[in-house]
Amino acid sequence: MKVKVDDLEFEKMISFEAIEKRTAELGAILTEQYQDSLPVFLGVLNGCFVFMADLVKQVPVPCQIAFMKLSSYRGGLESTREIIEELDLKIDIAGRDVILVEDIVDTGNTLRYLVDKLRALKPKSIKVCALLYKPDAMEHEIPEMQYIGFEIENKFVVGYGLDYKEQGRNLKDIYQLVK
Ligand code: 5GP
């Protein structure tokens, strides 16, 4: 099935059912790992909002949920590499187990920046849970990346929270650009 988002055409890549199944698997792992530690799920907005909502419902342990906002794509197809921090962290993560929730890791620039920034705040641990990961685009070694939903090809994707020109975030499934 194809959809048009603004001026571009996309085709279905990952169905909501597959996302739901994988999210439940990740949730089961996190539930076991973070049973007694009151972890902080820290989401990176805007893209993570749908995944975060579905993920935390699969992790029935006491936890806190917070968000930060960063952007490097500014609505287009390519990362600008310049990271803009629009909403700072409001919660004290010193001594806490932090699970950084990302929609997608592409070059890893955003994640590298974020992990370094969070490490300076002295959490007990930082682990990254990313729904999508493009291994061929990755430019960094990030050992904190422990929980991955799907490894995908180096193609631009939309849906399930991810946008093109701020549109397409409400698509239930994930779609890739038709070239
Ligand atoms: P990175 O810093 O890893 O290159 O890029 C991270 C950010 O770029 C993600 O959080 C996401 O906002 C955006 N991004 C990377 N790849 C894609 C993609 O295929 N589609 C969309 N919509 N955003 C992407």
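In each ligand, atom 1 is the first atom listed, and ligand 1 is the first ligand listed. Just the heavy atoms: all of them, side chains too, but no hydrogens, waters or symmetry mates, feed the values below. Residue numbers count from 1 along this sequence.
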* Structure fact -> ligand 1 atoms nearer than 4.0 angstrom to some heavy atom of N109 are 2 (O), 3 (O)

* Asked: Out of I142, V158, T110, whose heavy atom sits nearest atom 6 (C) of ligand 1?
  -> T110

* **Under 4.0 Å to a heavy atom of D103 - the qualifying atoms of ligand 1, by number** => 9 (C), 10 (O)

* In terms of side-chain geometry, is the basic nitrogen of K127 or D97 positioned less than 4.0 Å from the acidic oxygen of its partner? -> no

* Asked: Is the shortest distance from a heavy atom of Y164 to ligand 1 less than 4.0 Å?
  -> no

* Sub-4.0 Å atoms of ligand 1 with respect to non-hydrogen atoms of E102 -> 10 (O)

* Asked: Within the side chain of K134, is there an N or O that forms a donor-acceptor pair under 3.5 Å with the backbone of T107?
  -> no

* **Atoms of ligand 1 close to K155 [distance to a heavy atom under 4.0 angstrom, numbered from 1]** => 19 (O)

* To do: Output the list of atoms in ligand 1 that are nearer than 4.0 Å to some heavy atom of D163, sorted by atom number.
  => 21 (C), 22 (N)

* To do: Examine V157 against ligand 1 and note whether any of their N/O atoms are separated by less than 3.5 Å.
  => yes

* Asked: So which of D173, D54, D103 actually passes side chain to side chain donor-acceptor pair (under 3.5 Å) with Y160?
  -> D54

* Just jot down the ligand 1 atoms closer than 4.0 angstrom to any heavy atom of L162, in number order. => 21 (C), 22 (N), 23 (N)

* Asked: Contact between K134 and ligand 1, counting heavy atoms under 4.0 Å?
  -> yes

* T31 and Q35: side chain to side chain contact (heavy atoms under 4.5 Å, CB included), yes or no, with the steps? -> CA-CA 6 Å; T31 301; Q35 202 67 247; 4.1 Å; yes

